[in-house]
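Proteins get letters first, then strands, A, B, ... in listed order; numbering begins at 1 in each.
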Amino acid sequence: MSTKNLKLLSDPINLNNPITVQVLGICSALAVTVKLEPAVVLSISVLFVLAFANVIISVLRNTIPSRIRIIVQLVVIAALVILVDQVLKAYSYEVSKQLSVFVGLIITNCIIMGRLEAFALGNKPWPSFLDGVGNSAGYAIILIIIAFFRELLGSGTLWGIQVIPDSFYEMGYTNNGFMILPPMALIVVAIIIWVQRSKSRELIEAN
Amino acid sequence: MDTNGNLYTFIYSTVMVIVVATALSFTALKLQPLQEMNVKNEKMQNILTSVRVESTAETANDVFAKYITKSFVVNSKGEEVQGVAAFDINLKQMYKKDAGERELPLYEATLADGTKKIIIPLTGKGLWGPIWGYVALESDMNTVFGAVFDHKGETPGLGADINASWFEEPFTGKTIYEDGKLIGIRVHKGGKGAAIAAGDTEHGVDAISGGTITSKALEAMVLDCLSNYKIYLENNKK
């Protein structure tokens, strides 16, 4: 794999992260990060939809009339999402129940349209595929970090398993109910952005 | 070729819509029988879980036939209605009718130890969408033997936990009558141990922290649905 292609995968994970640098997909970062499990499941679904939508749009890119390109993108995304939903309902009913509303939420995830518009429309299928995988991985990492802290501090569990020992509770420790509420997701995102920018100073704007 | 011409744009969008619509409807039709079977199996599994019988999607049919010895329909006066299949009743539609006209499904389970439990299906509205469940009663028609709940789209990690065993298990052993009056099961806000803190160990369980609206909706659902069966329960208690 060439350095250029490798960069497509690694850039969105850190220096061009869709959530912390491009500030896309904040809505789902806030909605599904109360627990680790739904965050991981949604990340995998986004990976699937984004990688394939990128490839499809990239294959069609020279035929799409530019006036209706947004509509075409939306149709491709929605069709993929519905397809995933139907197949899951038939063959993997348990998973489809867990995902419930999130599957629909993928359609409105701004990262997907953002990548189709910014990358897939102007690049070949293989780089587009890598760009899709890279961006959803960058999205997944942030989602998992947020969910880790919110579940740990808010519920005292990880992946539904209690990790904070009972003796802590007996000594007067209580779960922070505030972590479960949506605003804390934004505050955790802000802390991640802060840490990231103090480590990678090139991200800091001149003014 | 001019991809920005009006004619091209029209043809392009028409073809796109037809292709996508055909592909999606074909998939939906092909998968429908499987999806319906999943829903049916899940209903059987839910009913079985309420009497604490384990089953998987594959075995649900056989296990259901073995343990659920009777399924029947009663009206609001507690009389049995003939000629209606309890399993096929759409509870949500049924509850849209007036209380007097409802045909209410009931299931009787005979467990391995020979005891009989009566299972009452529940349906109601949660915070974001429908919630439903099954409550199994002992033959005194008062003590809860087991309960199972589920939901369409409650908040994950919060209200969605009504289908978690830590929420369902405390229902066992609670009673739905207080001083001869039907009160259902009370849900107490305030985290773990709230029901005990409120001194309500006979009729109360803990609500879900952060999922109060769903918990309260569930409390209302249990009482509303049980009320329909009130006369039947009182006529048949042992």
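In terms of modelled atom types and a separation under 3.5 Å, the side chain of Tyr93(A) and the main chain of Met37(B) share no donor-acceptor contact. Remark: the backbone N or O of Thr27(B) is not paired with any side-chain donor or acceptor of Gln86(A) at under 3.5 angstrom. Remark: side-chain polar atoms of Asn38(B) are paired, donor with acceptor, to backbone N or O of Ala90(A) under 3.5 angstrom.
Nearest heavy-atom pair, Val75(A) versus Met16(B), reported as atom, atom and distance to 0.1 Å: CG2-CE, 3.8 Å. Residues Tyr91(A) and Leu31(B) come closest through the heavy atom pair CE1-CD2, 3.6 Å. Across Asn4(B) and Ser66(A), no two heavy atoms sit closer than the pair OD1-OG, 3.0 Å.
Of the two parts of Leu181(A), neither the backbone nor the side chain holds a non-hydrogen atom closer than 4.5 Å to a non-hydrogen atom of chain B. Residue Val39(B) touches chain A through both its backbone and its side chain, counting heavy-atom pairs closer than 4.5 Å. Residue contact with chain B, scored on non-hydrogen atoms closer than 4.5 Å, involves the backbone of Asn62(A) exclusively. Both the backbone and the side chain of Thr9(B) come within contact range of chain A, judged by heavy atoms closer than 4.5 Å.
Within residues 76-83 of chain A, the residues having any heavy atom less than 4.5 Å from a heavy atom of chain B are, in residue-number order, Ala79(A), Ile82(A), Leu83(A). By a heavy-atom distance cut of under 4.5 Å, not one residue of residues 133-153 of chain A is near chain B.
When the ring-ring contact (aromatic ring centres under 6.0 Å, His included) test is applied to Tyr134(B), no partner is found at least two apart in sequence or on another chain.
Under the ring pair (Phe, Tyr, Trp, His ring centres under 6.0 Å) criterion, the residue pairs touching residues 22-66 of chain A are Phe48(A)-Phe52(A), with sequence neighbours excluded.
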